[in-house]
Amino acid sequence: QVQLAESGGGLVQPGGSLRLSCVASGSMFSIYSMAWYRQAPGKEREVVARIASGGSPDYADFVKGRFTISKDDARNTMVLQMNSLKPEDTAVYYCWRRDYYSDHGAQCENDYWGQGTQVTVSS
């Protein structure tokens, strides 16, 4: 089992910045994908940015150029640096991790979610 703990959310004015962190703990595999999702009231959860154990980041179009995802494997931490925040970025942000492993020759995946952290962008 893997536990994910997010931190860093809060209230910020439009144009401001926030830094979200996700710390993973427990029994983890070395091949994985991690991502930040968000869910605004009345909307479906959507992916914001993702990064694999190989290190290549990928961003949703609506955050390209404003958000940066990174990871520190030594500290089991993933970070989302959010700049130039807009009111439409207001949402609960969730950390997600998928571990990939083999079990008796079968390829398996386990998904984990954090509890979420609220980000509110408002003047």
Side-chain angles (χ1 to χ4, degrees):
Q1 285 291 321
V2 174
Q3 294 78 43
L4 302 174
E6 304 103 331
S7 62
L11 173 64
V12 64
Q13 293 186 342
S17 298
L18 281 175
R19 182 179 176 92
L20 305 183
S21 293
C22 173
V23 178
S25 61
S27 299
M28 292 172 282
F29 291 90
S30 61
I31 300 175
Y32 63 88
S33 293
M34 293 190 74
W36 288 97
Y37 282 75
R38 71 185 188 186
Q39 188 167 20
K43 295 187 176 181
E44 294 189 353
R45 192 172 296 190
E46 59 185 359
V47 62
V48 175
R50 58 183 123 205
I51 191 166
S53 50
S56 299
D58 185 39
Y59 299 93
D61 287 343
F62 52 80
V63 302
K64 282 182 179 177
R66 300 189 299 125
F67 292 9
T68 302
I69 190 171
S70 62
K71 63 182 180 70
D72 182 343
D73 288 333
R75 299 181 179 182
N76 295 323
T77 299
M78 176 179 66
V79 170
L80 185 68
Q81 178 65 43
M82 306 187 294
N83 299 328
S84 303
L85 282 160
K86 306 174 181 180
E88 51 263 43
D89 293 319
T90 296
V92 178
Y93 284 69
Y94 296 91
C95 175
W96 170 87
R97 179 183 172 105
R98 172 171 290 173
D99 279 358
Y100 302 89
Y101 62 98
S102 294
D103 185 2
H104 295 91
Q107 298 301 308
C108 303
E109 301 172 353
N110 283 343
D111 283 8
Y112 305 95
W113 290 92
Q115 293 297 308
T117 184
Q118 176 70 48
V119 170
T120 303
V121 185
S122 175
S123 55

So which heavy atom on Ser70 is nearest to which on Ile51, and how close? CA-CD1, 4.3 Å
Taking the side chain as every heavy atom from C-beta outward, state whether Thr90 and Gln118 have any atom pair closer than 4.5 Å. yes
Mind checking what makes side-chain contact (heavy atoms from CB on, under 4.5 Å) contact with Arg45, not counting sequence neighbours? Tyr37, Gln39, Tyr94, Trp113
Pairwise side-chain contact, Trp96 with Cys22, heavy-atom cut-off 4.5 Å (strictly under): no
Would you say Val2 and Asn110 make side-chain contact, with heavy atoms under 4.5 Å? no
Asp89 side chain near Met82 side chain, heavy-atom distance below 4.5 Å: no
Could you give me the CA-CA distance, side-chain angles and deciding distance for Lys64 and Asp61, then say whether salt bridge (charged side-chain N to carboxylate O under 4.0 Å, His left out) is met? CA-CA 5 Å; Lys64 282 182 179 177; Asp61 287 343; 3.2 Å; yes
Distance from Ser102 atom OG to Gln107 atom CD, nearest 0.5 Å? 3.5 Å
Taking the side chain as every heavy atom from C-beta outward, state whether Ser122 and Leu11 have any atom pair closer than 4.5 Å. yes
Are more than 12 heavy atoms, taken from residues, nucleotides or ligands other than Ile31, located less than 6.0 Å from that residue's CD1 atom? no
Measuring only between side-chain heavy atoms, which start at C-beta, is Leu85 closer than 4.5 Å to Phe67? yes
Answer yes or no: is there a side-chain heavy-atom contact under 4.5 Å between Tyr112 and Cys95? no
I need the Ser27 OG to Asp99 CG distance, nearest 0.5 Å. 9.5 Å
Grouping I, L, V, M, F, W and Y whenever their side-chain heavy atoms are under 4.5 Å apart, do Leu20 and Val12 come out in a common cluster? yes
Contact between Arg97 and Met78 at the side-chain level, heavy atoms closer than 4.5 Å - yes or no? no
